[in-house]
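Here the structure comes first, spelled out in structure tokens, and everything after it is commentary.
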Number of protein chains: 2
Amino acid sequence: MGKSRKSRTIYAILGFLCSKPRSGYDIKKAIEKSVGFFWSESYGQIYPMLKKLEEDELAVKFEDDTPSSRRRQRYAITDKGRRELARWIEEDADYRGFRNELLLKLFFGSTVDTAISIHHLQDFIAHEQNRLEMFEGFHATLPRDPGEMTPSVAFLAATLNYGLSGTQHNIQWAEETIELLKNVIEQ
Amino acid sequence: MGKSRKSRTIYAILGFLCSKPRSGYDIKKAIEKSVGFFWSESYGQIYPMLKKLEEDELAVKFEDDTPSSRRRQRYAITDKGRRELARWIEEDADYRGFRNELLLKLFFGSTVDTAISIHHLQDFIAHEQNRLEMFEGFHATLPRDPGEMTPSVAFLAATLNYGLSGTQHNIQWAEETIELLKNVIEQ
DNA sequence: AGCACCATGTAAGTGGTTACATGATTCC
DNA sequence: GGAATCATGTAACCACTTACATGGTGCT
């Protein structure tokens, strides 16, 4: 009776098959491009899982009928697959299992030179500023007209907003924390 | 040449041994109480790792000399252990590997009834509000007087601030997102 | 010819959780 | 006596990453 130690790879794949048939390679790329800032899957998970999806009749494979093109094994989601995806989405989400290495290093910061912690925070700010630019670029491509706010755009915007405002928040926190640590040094 | 697929359990343990000798049980409790909102370790990791720490001379075991008390095997960090901990802290932190199940469900929200996504967000708000109370309670115990702002308090405050402001941010985002989704429904 | 990219996989290894086993101690 | 907690461990299992293998395609 495990609490929630199940792979979510299957649902990530089903979710991306929902919009259109895709190959394993397509799925990996789509994940990186759209949800990469909060989710990732490796080929080592995707390809075996696609095989299992077909076994369980949650997706069907169809070879490309154009023999001239590259070998490409695309999968389409079935009705059973859609139901399984919906069932999972309706389940309560699991909030546990976060691990933040930066915070752990910072928590132990009093055992090393404070300059090291400040350096980590500056690194983090640079990292988050890169992400911020990426988010802003992405955000600019969203339709601003409320008439174009279709459901799927709204859900995309929702996750994007999380990344955007979260990153801004991270930068602000890191800057404030640097000041805090500098003040402590001076005393 | 793995990029960073090494266990950090060893460093979490060393970090907690740094302040005083502890048993495996103590370490687990200390982690839950202080860094539980961004880190966790299980006994299945801690006890074998303590054994390994002793083998590698990063810690030494000493049985309690009071035979009347419970069996308790405490470990003390060695100089070598302190050096190893410091070495790790100085390394660049790894920001990768976050997975957010709530966001994934939300990203696929257009495939199910929007009420489900709103329900998830309301659940999330309740969850974060509980955490907020916990953080605020914890925060209130910190010394406010700048004179008492010792380094170790400052680093504790830094991580706590992350949790505190991050939780506030999460709540705000979730509330705004509910409004966004409600507006989409009405159209 | 050579490089970058497309594309599909597999094998090995690891980190981590969960469930279970065991027993002492404290407190009601 | 019984329950809760203290306390230490192990075995099994699993999700996931990494590294490797293989070969086609398109472009210069």
Side-chain angles (χ1 to χ4, degrees), chain A residues 1-13 21-33 36 38-55 59 61-64 66-75 88 94-101 104, chain B residues 1-13 21-33 36 38-55 59 61-64 66-75 88 94-101 104:
Chain A
M1 312 294 173
K3 264 283 143 59
S4 77
R5 245 196 112 222
K6 299 207 63 209
S7 176
R8 274 131 223 151
T9 300
I10 169 176
Y11 304 111
I13 293 176
R22 296 179 203 256
S23 67
Y25 189 85
D26 290 341
I27 292 168
K28 179 96 193 300
K29 293 288 157 253
I31 288 175
E32 285 170 1
K33 224 183 64 179
F38 66 84
W39 204 265
S40 73
E41 296 289 349
S42 64
Y43 290 130
Q45 290 278 101
I46 292 173
Y47 283 114
M49 193 55 80
L50 279 172
K51 201 168 271 182
K52 197 172 175 304
L53 244 44
E54 203 188 12
E55 274 169 32
K61 176 162 73 176
F62 62 99
E63 319 266 344
D64 263 353
T66 53
S68 67
S69 82
R70 282 189 186 90
R71 175 175 72 137
R72 221 165 145 257
Q73 293 174 286
R74 286 196 291 176
Y75 292 79
W88 171 75
D94 185 7
Y95 308 133
R96 302 171 311 169
F98 291 105
R99 272 183 158 193
N100 190 322
E101 190 176 321
L104 192 63
Chain B
M1 310 292 177
K3 264 283 143 58
S4 79
R5 242 193 116 222
K6 299 207 62 207
S7 175
R8 275 130 222 152
T9 300
I10 169 175
Y11 304 110
I13 293 176
R22 297 179 202 256
S23 65
Y25 190 85
D26 291 341
I27 292 169
K28 179 97 194 299
K29 293 288 158 254
I31 288 176
E32 285 170 2
K33 223 183 65 180
F38 67 82
W39 205 266
S40 74
E41 297 289 348
S42 64
Y43 290 129
Q45 291 277 100
I46 291 172
Y47 283 114
M49 193 56 78
L50 280 171
K51 201 168 271 180
K52 196 171 175 304
L53 244 43
E54 203 188 13
E55 276 169 31
K61 176 162 72 174
F62 61 99
E63 321 266 343
D64 262 353
T66 53
S68 68
S69 80
R70 281 191 186 88
R71 173 176 71 137
R72 222 166 144 256
Q73 293 174 286
R74 285 197 293 176
Y75 291 79
W88 171 74
D94 185 7
Y95 308 133
R96 301 171 312 168
F98 290 104
R99 271 182 159 194
N100 190 321
E101 190 176 320
L104 192 63

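Chain letters run A, B, ... following the sequence lines, proteins first, then strands; residues in each count from 1. Because the structure is a prediction, the values reported are computed rather than measured.
Checked against dA15(D), dT17(C), dG13(C), the side chain of Ser7(A) finds its nearest nucleotide in dA15(D). Listed candidates were dT17(C), dT10(C), dG9(C). Nearest to the side chain of Tyr75(A) is dG9(C). Nearest nucleotide to the Tyr47(A) side chain, out of dG9(C), dG15(C), dT17(D): dG9(C). For Arg96(A), the listed nucleotide lying nearest its side chain is dT18(C); candidates were dA7(D), dG16(C), dT18(C). Closest contact between the side chain of Tyr25(B) and the listed nucleotides dC6(D), dA15(D), dG16(C) involves dC6(D).
Computed from coordinates, the Glu101(A) CD to dG15(C) C1' distance equals 14 Å when rounded to whole Å. Atom CH2 of Trp39(B) and atom C1' of dT17(C) are 15 Å apart (whole Å). Atom P of nucleotide dA15(D) and atom CD1 of Ile10(A) are separated by 11 Å, given to the nearest angstrom. Note: CZ (Arg74(B)) to P (dA7(D)) measures 10 Å, nearest angstrom. If you measure from atom CG of Leu50(B) to atom C1' of dT8(D), you get 10 Å, rounded to the nearest angstrom. If you measure from atom CG of Leu53(A) to atom P of dT8(C), you get 15 Å, rounded to the nearest angstrom. Atom-to-atom, NZ of Lys52(A) to P of dT10(C) comes out at 15 Å; the value is rounded to the nearest Å. The separation between Tyr43(B) atom OH and dT22(C) atom P is 19 Å, rounded to whole Å.
Residues satisfying the ring-ring contact (aromatic ring centres under 6.0 Å, His included) criterion with Tyr25(B), sequence neighbours excluded, are absent altogether. Applying the salt bridge (Lys or Arg N to Asp or Glu O under 4.0 Å) criterion to Lys61(A), with sequence neighbours excluded, gives no partner residue. By the side chain to side chain donor-acceptor pair (under 3.5 Å) test, Lys52(B) is found to be paired with Asp56(B), residues two or more places apart in sequence or in another chain being considered. For Tyr43(A), the ring-ring contact (aromatic ring centres under 6.0 Å, His included) criterion is met by Tyr47(A), not counting sequence neighbours. Remark: Glu41(A) pairs with Thr9(A), Trp39(A), Arg99(B) by the side chain to side chain donor-acceptor pair (under 3.5 Å) rule, at least two apart or across chains.
The side chain of Ser23(B) places an N or O atom within less than 4.0 Å of a non-bridging phosphate oxygen (OP1 or OP2) of dT8(D). Close to dG16(C), at under 4.0 Å from its OP1 or OP2, lies a side-chain N or O of Arg99(A). OP1 or OP2 of dA7(D) has at least one side-chain nitrogen or oxygen of Arg72(B) nearer than 4.0 Å. For dT18(C), the OP1/OP2 oxygens have no side-chain nitrogen or oxygen of Gln45(B) closer than 4.0 Å.
Across all strands shown, Ser42(A) has heavy atoms under 4.0 Å from base atoms, whether or not it also approaches the sugar-phosphate. The residue Gly24(A) sits close only to the backbone: its heavy atoms come under 4.0 Å of sugar-phosphate atoms, none of a base. Within 4.0 Å (heavy atoms only), Lys51(B) reaches sugar-phosphate atoms of the nucleic acid but no base atom.
In terms of polar N and O atoms assigned as donor or acceptor, the side chain of Arg5(B) comes within less than 3.5 Å of the base of dT14(C) in a complementary pairing.
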Discussion item. Evaluate Leu104(A) against Asn100(A) for side chain to side chain contact (heavy atoms under 4.5 Å, CB included), listing each step before the verdict.
Written reply: CA-CA 6 Å; Leu104(A) 192 63; Asn100(A) 190 322; over 6 Å; no
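In this structure, the side chains of Arg96(B) and Ser40(A) stay at 4.5 Å or more apart for every pair of heavy atoms. Side-chain contact between Glu101(B) and Trp88(A): present, with at least one pair of heavy atoms (C-beta onward) separated by less than 4.5 Å.
Comparing the end axes of the helix from dA1(C)-dT28(D) to dC28(C)-dG1(D), each fitted to five base pairs by superposing C1' atoms of four pairs onto the next four, gives an inter-axis angle of 20° (nearest 10 degrees).
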